[in-house]
Amino acid sequence: MKEKPQQLSQRLFFQGRKFNFEVNRLRLPNGVEGDWECIRHPGGALGVPVTSDGKLVLVNQYRFAVEGRLLEFPAGTVEVNEDPAMTIQREIEEETGYRAHRWRKLGQFPLAPGYSDEYIYAFLAQDLEKLEKPPQQDEDEDIEVVVLSPPELEEIILTSDRVDAKSVTSFFLARPFLLEFS
């Protein structure tokens with residue numbers, strides 16, 4: 001259930017291509033007043049691509065903020081007036097070179113609610129077709145496609161910090177649908 005705070009003032013500090021950063025003076029539902037910073041983001045769509053033999057298709061992507069590569073399910077920012085289902089269909093093709101013919105919505109969740117309003121919309125992508133000529137990847141993406149079994153991915157999740165939070169969450173949302181391959 002949403003409980004909106006009373007907004008007393010708002011200052012926009014940065015307006016970017018993918019998100020805005022603002023500082024809000026608020027009165028919370030419990031009466032406390034203060035300043036809260038917030039990244040305003042249109043949301044992201046993520047796909048858990050599963051091959052016909054039950055393998056998971058991920059990307060090993062360079063992320064400058066953590067100065068290294070992370071294993072992630074393909075994902076992308078939802079564009080203005082775009083349905084998240086369309087976002088992820090495009091992103092899977094661009095990032096992995098696969099097209100999914102069967103989709104299931106897994107759910108949605110806030111990514112980092114302490115400082116951002118971004119929600120991730122997660123989908124299961126099945127009945128994959130490898131594209132002969134995949135779309136061009138975005139030039140700012142440094143990614144390599146990785147195919148793992150669910151147990152291999154779970155082992156990496158449990159023993160390293162190489163998998164991002166949205167992918168960990170989506171993996172566990174998808175697990176009931178992956179059991180048919182066990």
Review point. For the residue pair Pro150 and Leu178, what are the closest heavy atoms and their distance?
Key: CG-CD1, 4.2 Å
Review point. Are His41 and Thr77 close enough that some pair of their side-chain heavy atoms sits under 4.5 Å apart?
Key: yes
Exercise for review: Report the relative orientation of the aromatic rings in Phe14 and Phe19; use parallel for angles under 30°, tilted for 30 to 60°, perpendicular for over 60°.
Suggested key: tilted
Revision key, fill the gap. In terms of heavy-atom contacts, Pro74 and Ile88 come closest through O-CD1, 3.4 Å
Check your understanding: Would you say Phe73 and Leu56 make side-chain contact, with heavy atoms under 4.5 Å?
Key -> yes
Review point. Rounded to the nearest 0.5 Å, how far does CD of Gln10 lie from CZ of Arg25?
Key: 14.0 Å
Check your understanding: Distance from Asp35 atom CG to Ser9 atom OG, nearest 0.5 Å?
Key -> 6.5 Å
Check your understanding: Rounded to the nearest 0.5 Å, what separation is found between the NZ atom of Lys105 and the CZ atom of Phe123?
Key -> 5.5 Å
Practice item. Please report the closest heavy-atom contact between Asp161 and Leu70, naming both atoms and the distance. Key: O-CD2, 3.7 Å
Check your understanding: Does Ser167 reach the main-chain N or O of Val163 with its side chain, forming a donor-acceptor pair under 3.5 Å?
Key -> no
Review point. Taking only residues two or more places apart in sequence, or in another chain, which ones meet Asn60 in a side chain to side chain donor-acceptor pair (under 3.5 Å)?
Key: none
Practice item. Would you check if Val80 and Pro42 make a side-chain contact, meaning some heavy-atom pair closer than 4.5 Å? Key: no
Review point. Which atom pair, heavy atoms only, marks the closest approach of Ser160 to Arg162?
Key: OG-N, 3.2 Å
Point to revise | Pair Glu22-Asn24, side-chain donor/acceptor within less than 3.5 Å | key: yes
Practice item. Drop me the distance from Leu128's CG to Thr51's OG1, to the nearest 0.5 angstrom. Key: 6.5 Å
Review point. How far apart are the closest heavy atoms of Lys4 and Pro29, and which atoms are they?
Key: O-CG, 4.4 Å
Exercise for review: Look at Glu152 together with Lys55 and state whether they make a salt bridge at an N to O cut-off of under 4.0 Å.
Suggested key: no
**Study point:** Donor-acceptor under 3.5 Å (Ser170 side chain, Lys166 main chain)
**Key:** yes
Review point. Would a 4.5 Å heavy-atom cut-off, applied to side chains only, mark Glu79 and Thr87 as touching?
Key: no
Check your understanding: Can you list the residues that meet the side chain to side chain donor-acceptor pair (under 3.5 Å) rule with Gln6, with sequence neighbours excluded?
Key -> Arg27
Exercise for review: Determine, for Arg63 against Glu72, whether the closest basic-nitrogen to carboxylate-oxygen distance falls under 4.0 angstrom.
Suggested key: yes
Check your understanding: What are the two closest heavy atoms between Ile92 and Ala125, and how far apart are they?
Key -> CD1-CB, 3.7 Å
Practice item. Look at Glu154 together with Arg175 and state whether they make a salt bridge at an N to O cut-off of under 4.0 Å. Key: yes
Practice item. Would you check if Ser116 and Cys38 make a side-chain contact, meaning some heavy-atom pair closer than 4.5 Å? Key: no
